[in-house]
Number of protein chains: 2
Amino acid sequence: MAIFQHIIRAMETLDVRPGQFSVLTVIGANPGLKQIAISEALDIRRANLVGMINGLERRGWIERRAVRGDRRAQGLYLTPRGRATLSRLRSMAARHERTATRLLTAAEKRQLLRLLARVHDATA
Amino acid sequence: MAIFQHIIRAMETLDVRPGQFSVLTVIGANPGLKQIAISEALDIRRANLVGMINGLERRGWIERRAVRGDRRAQGLYLTPRGRATLSRLRSMAARHERTATRLLTAAEKRQLLRLLARVHDATA
DNA sequence: TATTGTTATACTCTATAACTATA
DNA sequence: TATAGTTATAGAGTATAACAATA
């Protein structure tokens, strides 16, 4: 929770919220994705995604384009400005990960991830 | 996050939310506490605490009593039913902690807590 | 008939301002 | 003048239902 608060506070300087970061990340890795696919991937109701997408589009970070073969859907793409913003956000995330693990050795970091993965397996 | 979801889902069977659990825990450990103290301890606005306290009182889990020496404040106490509920919630939390760590040895559990404490120190 | 995006709406959580009764 | 509790209110985040256009 402390890490989360830390990262969220940093991203607030770009006026970006965690959900927006995750949407930008998914679109960046999967250009042309339909809203329904993002909705399923991130477990966000498609009704709630509409406003988020509108906000990201209004800020010039993403755009909706027609999808060939299905006139109901629209593909989502990052704009050049969107790519620049995502790049800055990734740098922030990386910097905060370095901060969070600065008291750990490389071996301890690996060990931490290994133990957390087992906890996750146990609760999944 | 997986652990949190896990515990929250279990506590929903008693219709208890994470915030309510934390308030019951703090009152249980500090009988007679004033709302302002809980507000500061749990970082909950005193305005938002009012409704939570009302809800817990309505369900017969806590009660407000006069504080000698300060007629503005009211001390909060668990009722017998509140103590019983808190006890059940603690059992749930303990059971889920056992589930979460069931793939770890005792030494690995200690190591995990040690590493997480360092990450927390680094971000605090 | 089913799916995609959308609107409308409701409920919870969280945040601020302002009031009251005391101190 | 400050503090404890309260009320009112507004903003996020998240949930469901229903609609139009299209499949």
Side-chain angles (χ1 to χ4, degrees), chain A residues 1-2 4-5 7-27 30-59 62-77, chain B residues 1-2 4-5 7-9 11-24 26-27 30-59 62-77:
Chain A
M1 292 174 74
F4 254 83
Q5 286 310 111
I7 292 179
I8 288 171
R9 218 176 309 129
M11 291 191 176
E12 269 172 1
T13 64
L14 292 188
D15 200 22
V16 172
R17 315 213 140 244
Q20 297 173 324
F21 177 49
S22 63
V23 169
L24 287 176
T25 299
V26 169
I27 297 175
N30 305 275
L33 218 54
K34 297 187 290 181
Q35 284 179 213
I36 189 77
I38 296 173
S39 164
E40 285 161 8
L42 297 176
D43 197 24
I44 298 172
R45 308 297 149 125
R46 60 191 203 290
N48 295 333
L49 206 48
V50 175
M52 291 181 65
I53 300 292
N54 286 345
L56 295 172
E57 196 174 38
R58 203 179 311 119
R59 297 169 78 168
I62 67 172
E63 52 184 33
R64 297 185 230 232
R65 293 191 218 151
V67 171
R68 327 183 333 157
D70 189 342
R71 287 190 299 161
R72 294 173 305 181
Q74 299 178 76
L76 300 177
Y77 297 84
Chain B
M1 291 173 72
F4 253 83
Q5 286 311 112
I7 292 180
I8 289 170
R9 217 175 310 128
M11 291 190 177
E12 270 173 0
T13 64
L14 291 188
D15 200 23
V16 172
R17 314 211 141 245
Q20 298 173 324
F21 177 49
S22 63
V23 169
L24 288 176
V26 169
I27 297 175
N30 305 275
L33 218 54
K34 296 187 291 181
Q35 285 179 213
I36 188 79
I38 296 173
S39 163
E40 285 160 9
L42 297 177
D43 197 25
I44 298 173
R45 309 296 149 129
R46 62 193 201 290
N48 294 334
L49 207 49
V50 176
M52 291 181 66
I53 300 292
N54 286 345
L56 295 173
E57 196 174 36
R58 203 177 313 119
R59 297 169 78 169
I62 67 172
E63 51 184 33
R64 298 183 230 232
R65 293 191 218 150
V67 171
R68 326 184 333 156
D70 190 342
R71 287 190 299 161
R72 294 172 306 180
Q74 300 177 75
L76 300 176
Y77 297 84

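Letters A, B, ... mirror the listed sequences (proteins, then strands); counts begin at 1. Values reported hereafter were calculated over all heavy atoms of this structure, with side chains retained and with hydrogens, waters and symmetry mates removed.
- In this structure, CZ on R65(B) lies 5.5 Å from OH on Y77(B), to the nearest 0.5 angstrom.
- Relative to the side chain of A47(A), the nucleotides dG5(C), dA8(D), dA17(D) differ in distance, and dA17(D) lies closest.
- Of the side-chain N and O atoms in R17(A), none sit less than 4.0 angstrom from OP1 or OP2 of dA12(D).
- OP1 and OP2 of dA4(D) both lie 4.0 Å or more from every side-chain N or O belonging to R64(B).
- Rounding to whole angstrom units, CZ of residue F21(B) and C1' of dC13(C) are separated by 19 Å.
- Following rounding to the nearest Å, E12(B) (CD) and dC11(C) (P) show an atom-to-atom distance of 17 Å.
- The distance between atom CD1 of I44(B) and atom P of dA15(C), rounded to the nearest whole Å, is 10 Å.
- Proximity of a side-chain donor or acceptor of N30(B) to a complementary backbone N or O of V26(B) within less than 3.5 Å is detected.
- Side-chain atoms of R72(B) stay outside donor-acceptor range of the base of dG5(D), with no qualifying N/O pair under 3.5 Å.
- Judged by distance alone with a 3.5 Å cut-off, no donor-acceptor contact links the side chain of D70(B) to the base of dA4(D).
- Residues D15(A) and R59(A) share a closest heavy-atom pair of O-NH1, 2.9 Å.
- For A73(A), counting side-chain heavy atoms from C-beta on, the closest listed nucleotide (dT6(C), dT4(C), dT6(D)) is dT4(C).
- When atom types are taken as modelled, the side chain of S39(A) and the backbone of I44(A) share a donor-acceptor pair closer than 3.5 angstrom.
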Is there a side-chain contact (heavy atoms from CB on, under 4.5 Å) between Q5(B) and I8(B)? Walk through the geometry before answering. CA-CA 5 Å; Q5(B) 286 311 112; I8(B) 289 170; 4.3 Å; yes
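- Taking atom NZ on K34(B) and atom P on dA21(C), their separation rounds to 19 Å, with Å as the unit.
- Taking side-chain N and O atoms only, Q35(A) has no distance below 4.0 Å to OP1 or OP2 of dT3(C).
- Spacing between atom CD of Q20(B) and atom C1' of dC13(C) amounts to 12 Å, rounded to whole angstrom units.
- Taking five base pairs at each end of the helix from dT1(C)-dA23(D) to dA23(C)-dT1(D) and finding the rotation axis that steps the C1' atoms of four pairs onto the next four gives two axes whose angle is 10°, to the nearest 10°.
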Criterion side-chain contact (heavy atoms from CB on, under 4.5 Å) on I36(A) and E40(A), from CA distance to verdict: CA-CA 6 Å; I36(A) 189 77; E40(A) 285 161 8; 3.7 Å; yes
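- Computed from coordinates, the R45(A) CZ to dC11(C) P distance equals 17 Å when rounded to whole Å.
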Starting from the C-alpha separation in whole Å, work towards a yes-or-no answer on side-chain contact (heavy atoms from CB on, under 4.5 Å) for L76(B) and E63(B). CA-CA 6 Å; L76(B) 300 176; E63(B) 51 184 33; over 6 Å; no
Are M52(B) and R17(B) close enough, and set up right, to give a side-chain contact (heavy atoms from CB on, under 4.5 Å), and what steps lead you there? CA-CA 10 Å; M52(B) 291 181 66; R17(B) 314 211 141 245; over 6 Å; no
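- Comparing D43(A) and G69(A) against DNA chain D, the residue whose closest nucleotide sits nearer the 5' end is D43(A).
- Look at CG on N54(B): it is 6 Å from P on dT6(D), rounded to the nearest Å.
- Between R46(A) and dT16(D) there is no side-chain polar atom (N or O) within less than 4.0 angstrom of OP1 or OP2.
- For the pair N48(B) CG and dA12(D) P, the computed distance is 16 Å after rounding to whole Å.
- The side chain of R71(B) places no N or O atom within less than 4.0 Å of a non-bridging phosphate oxygen (OP1 or OP2) of dA21(C).
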